[in-house]
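Only this structure's heavy atoms are used, side chains among them; waters, hydrogens and symmetry mates stay out.
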Amino acid sequence: MSNNATTLISGAYYLVPNVQPKQAVDGVFNKTPFIDTFRALGKLVPSAGSQTIEWNYVIGTDLAASAWTENESITSFGSTLTVHPSQVVSFGKAPFGLSDRQVLNQANGGTYEDVLALEERSATLRLLKYFEDLFCGNGASVGISSLIDSTGTAHGVNQSTYAGWASIENTCSGSSFVSVLDDTYSDLVGTNASKSDMVIFMSPAVATIYQGAVASNMRGMYGQSLDLGKSPVGQGLRFNGIPIVEIPGASATECYFVDTSKAKIVAHLLPTTQDVPATNLGINKVVVGAMAFIVEDRAVHAKITQIDLRV
């Protein structure tokens, strides 16, 4: 008998696919530690109106304080002088959708999960990573390397016009990274920077250099389990008590001291899903958003450049 039960039972038609009923493993690097840090500190804030975003920055007064003498007749009166830094918002999009065949498969119960919801989640991550890379890069007027700088224009205000509108900038050229970190910390203490709100951002490559440079100091922390003699197991990196956050999108030769009391990410539009008219029987959507990284007082932040392996 050609069509017997033994043949059917051992056939491939009866095998259950060995696929776990959950979202696929994401092999795309979509982490956003820079944005996550500002969110955790309450510095990812909503927009307060139309762009362009502006604020008042005090540069001085047209009449200085002076000694007061008895029975003095006051005849001159001054006022505060301000400039108006501004920042345009960066807009981004991440389209996604399902083909007509995918829609039919899902409608007929042919998928483990809501595929459209998974695609929306993935698109949202891609959009946030787009903003992460934008803010951590060196793009003029939008990236951290441009906004935290001792020269040039930031937020529409030029340092050559207003000398106080400049970040602290030190270089490792000819000096060790740790010694320049110490110098930069001392420089910031002399400003209005808030040490309790300070965060140091650096790339993983720079963090590796830092770990190697301070390894001997870490070994002096008695009672701590050490990982290759570099950092205590289970603890994040710190410098003089300031937390260090690794941001993969940053320069491999720079790091940044950011006073988060004077910096923020403004969400003009948080990632929002919009429908796009379909030209077929499928479903087309796009996640859109608009954000801006803002350094409100440039003078309380710092940058170190030309970091290398010297310790």
Side-chain angles (χ1 to χ4, degrees), residues 29-44 128-129 132-133 135-138 143-145 147-149 167-173 175-189 191 193-265 293 295 300-311:
F29 191 76
N30 281 327
K31 292 183 179 180
T32 54
F34 188 75
I35 293 176
D36 292 345
T37 299
F38 280 84
R39 180 189 291 115
L41 295 174
K43 301 298 289 185
L44 176 60
L128 288 173
K129 185 62 166 60
E132 175 91 357
D133 291 341
F135 299 152
C136 293
N138 59 2
I144 191 170
S145 184
L147 295 177
I148 297 180
D149 197 271
S167 304
I168 293 168
E169 182 174 343
N170 293 321
T171 178
C172 280
S173 179
S175 303
S176 72
F177 184 25
V178 173
S179 68
V180 178
L181 280 168
D182 284 328
D183 292 341
T184 305
Y185 178 83
S186 298
D187 291 341
L188 284 169
V189 170
T191 71
S194 171
K195 291 185 290 183
S196 61
D197 294 299
M198 194 69 65
V199 177
I200 300 175
F201 293 99
M202 61 178 63
S203 71
V206 174
T208 298
I209 295 173
Y210 175 71
Q211 284 183 301
V214 298
S216 58
N217 294 331
M218 288 292 188
R219 292 190 187 100
M221 300 174 66
Y222 297 106
Q224 296 284 2
S225 299
L226 299 181
D227 180 7
L228 300 179
K230 291 185 177 180
S231 61
V233 174
Q235 295 189 14
L237 292 176
R238 287 181 175 268
F239 172 77
N240 281 355
I242 302 173
I244 295 174
V245 176
E246 296 180 45
I247 48 175
S251 167
T253 60
E254 296 183 352
C255 79
Y256 314 94
F257 287 73
V258 177
D259 178 356
T260 58
S261 70
K262 295 294 188 296
K264 61 187 177 183
I265 295 177
F293 172 46
V295 173
V300 297
H301 312 281
K303 174 168 69 173
I304 298 176
T305 64
Q306 298 186 46
I307 299 169
D308 59 22
L309 292 175
R310 281 189 297 272
V311 297

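- Considering only heavy atoms from C-beta on, Ser145 comes within 4.5 Å of Tyr256 through its side chain.
- Annotation for Ser173 and Gln306: closest pair CB-OE1, 3.4 Å, computed over non-hydrogen atoms.
- Thr305 is linked by a side-chain contact (heavy atoms from CB on, under 4.5 Å) to Glu169, Thr171, Glu254, Lys303, counting only residues two or more places apart in sequence or in another chain.
- Contact detail for Asp187 and Asn170: the closest heavy-atom pair is OD2-ND2, 3.1 Å.
- Side chains of Val189 and Lys195 form a contact here, defined as non-hydrogen atoms less than 4.5 Å apart.
- Nearest heavy-atom pair, Leu147 versus Ser167, reported as atom, atom and distance to 0.1 Å: O-OG, 4.0 Å.
- Under the side-chain contact (heavy atoms from CB on, under 4.5 Å) criterion, Asp197 pairs with Ser194, Asp259, Thr260, Ser261, sequence neighbours left out.
- Taking the six-membered ring where the residue is Trp, Phe38 and Phe293 present perpendicular rings, their angle passing 60° and hence far from 30°.
- Take Asp36 and apply the side-chain contact (heavy atoms from CB on, under 4.5 Å) test, not counting sequence neighbours, and it matches Thr32, Arg39.
- Within 6.0 Å of atom CG in Asp182, more than 12 heavy atoms from other residues, nucleotides or ligands are found, so the atom counts as buried in its surroundings.
- In terms of modelled atom types and a separation under 3.5 Å, the side chain of Glu132 and the main chain of Phe34 share a donor-acceptor contact.
- The minimum heavy-atom distance between Cys172 and Ile304, with the atom names listed, is SG-CG2, 3.7 Å.
- Counting all heavy atoms, side chain and backbone alike, Leu188 lies closest to Val300 at CD2-O, 3.6 Å.
- In this structure, Tyr210 and Cys255 have side chains that are not in contact, with every pair of non-hydrogen atoms separated by 4.5 Å or more.
- Residues Ala205 and Ala252 share a closest heavy-atom pair of CB-CB, 4.2 Å.
- In this structure, Thr37 and Ile247 have side chains that are not in contact, with every pair of non-hydrogen atoms separated by 4.5 Å or more.
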